[in-house]
Engineer: 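To start, I am sharing the structure in question, which I have written as structure tokens.
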Amino acid sequence: MGLPRRAGDPTELRKSLKPLLEKRRRARINASLRQLKGLILPLLGRESSHYSKLEKADILEMTVRFLQELPASSCAAAAPEPSDSYGEGYRACLARLARVLPACRVLEPAVSARLLEHLRRRAAGTTPDGGRDGDSCGPPAPSPSPPPAPAPPAPPRGTGLWRPW
């Protein structure tokens, strides 16, 4: 014979939250499947109006089949070298900053121009005196081996369900 439980008992709380969490999980799965269906049907050359009532398993099978039929060369071409993607990302960020920085007027125009020039030199790999980059400011050169992944942040206290993504 057990003792009577209080209203705030953790066991009772878990029992009452479990259906709610399951409902949210299913909603996330269904939303992802809808997105996947919207992405895969045009790639297969099919109109989504004819496939409005696809089963979840059908969507997943179509996606797996599509990914298996991709030529191996297109997968390799889709993933650029890490050093190339780093440089491209830095240049894209610099181009966006060159557009936004003068428009937002956070800095004085002279300071903004000096900052942009410094970042352009860093992107080219040279310092103001014309030498090669050796100091530690600016973007670091990509390392040949990636650093270890940081530990996921601790879940916040008392905010409910924590997801690492």
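Every heavy atom of this structure was used, including side-chain atoms; hydrogens, water molecules and symmetry mates were not. This one's a predicted model, so the numbers in the text were calculated from it and none came from an experiment.
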Engineer: Got a second to check how far R25's CZ is from R28's CZ, nearest 0.5 Å?
Structural biologist: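 One gets 8.0 Å once the value is rounded to the nearest 0.5 Å.
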
Engineer: Hey, is R91 close enough to E88 for a salt bridge, meaning N to O under 4.0 Å?
Structural biologist: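 So R91 does not pair with E88 through a salt bridge.
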
Engineer: What closest approach, in Å, do K37 and K53 show between heavy atoms, and which atom pair accounts for it?
Structural biologist: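 Smallest interatomic distance, heavy atoms only, reads NZ-N, 4.4 Å.
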
Engineer: Just verifying a value: how many Å separate L67 CG and L43 CG, rounded to the nearest 0.5 Å?
Structural biologist: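 One finds 9.5 Å between CG of L67 and CG of L43.
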
Engineer: Take I59 and L41 through the test side-chain contact (heavy atoms from CB on, under 4.5 Å) and record every step on the way to the result.
Structural biologist: CA-CA 9 Å; I59 296 169; L41 287 177; over 6 Å; no

Engineer: Working to the nearest 0.5 Å, report the span between OG of S16 and NZ of K18.
Structural biologist: 12.0 Å

Engineer: Identify, with sequence neighbours excluded, every residue that meets side-chain contact (heavy atoms from CB on, under 4.5 Å) alongside A113.
Structural biologist: none

Engineer: Say you draw a straight line from CD1 of I40 to CD of E61; how long is it, rounded to the nearest 0.5 Å?
Structural biologist: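 Between atom CD1 of I40 and atom CD of E61 there are 12.5 Å.
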
Engineer: Hey, could you give me the CG/CG distance between L94 and L119, rounded to the nearest 0.5 Å?
Structural biologist: 6.0 Å

Engineer: Quick one: OG1 on T63 to CG on L33, what's the gap to the nearest 0.5 Å?
Structural biologist: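 These two atoms lie 8.5 Å from each other.
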
Engineer: Of all residues at least two apart in sequence or in a different chain, which pass the side-chain contact (heavy atoms from CB on, under 4.5 Å) check with L39?
Structural biologist: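 Listed in chain order: nothing, the list is empty.
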
Engineer: If hydrophobic clusters are built by linking Ile, Leu, Val, Met, Phe, Trp and Tyr wherever their side-chain heavy atoms come under 4.5 Å apart, do L13 and L20 end up in the same one?
Structural biologist: yes

Engineer: Taking side chain as C-beta onward, heavy atoms only, is S112 less than 4.5 Å from L116?
Structural biologist: yes

Engineer: Determine, for R26 against E22, whether the closest basic-nitrogen to carboxylate-oxygen distance falls under 4.0 angstrom.
Structural biologist: yes

Engineer: Do the side chains of F66 and L60 join up, straight or via other hydrophobic residues, at under 4.5 Å, putting them in one cluster?
Structural biologist: yes

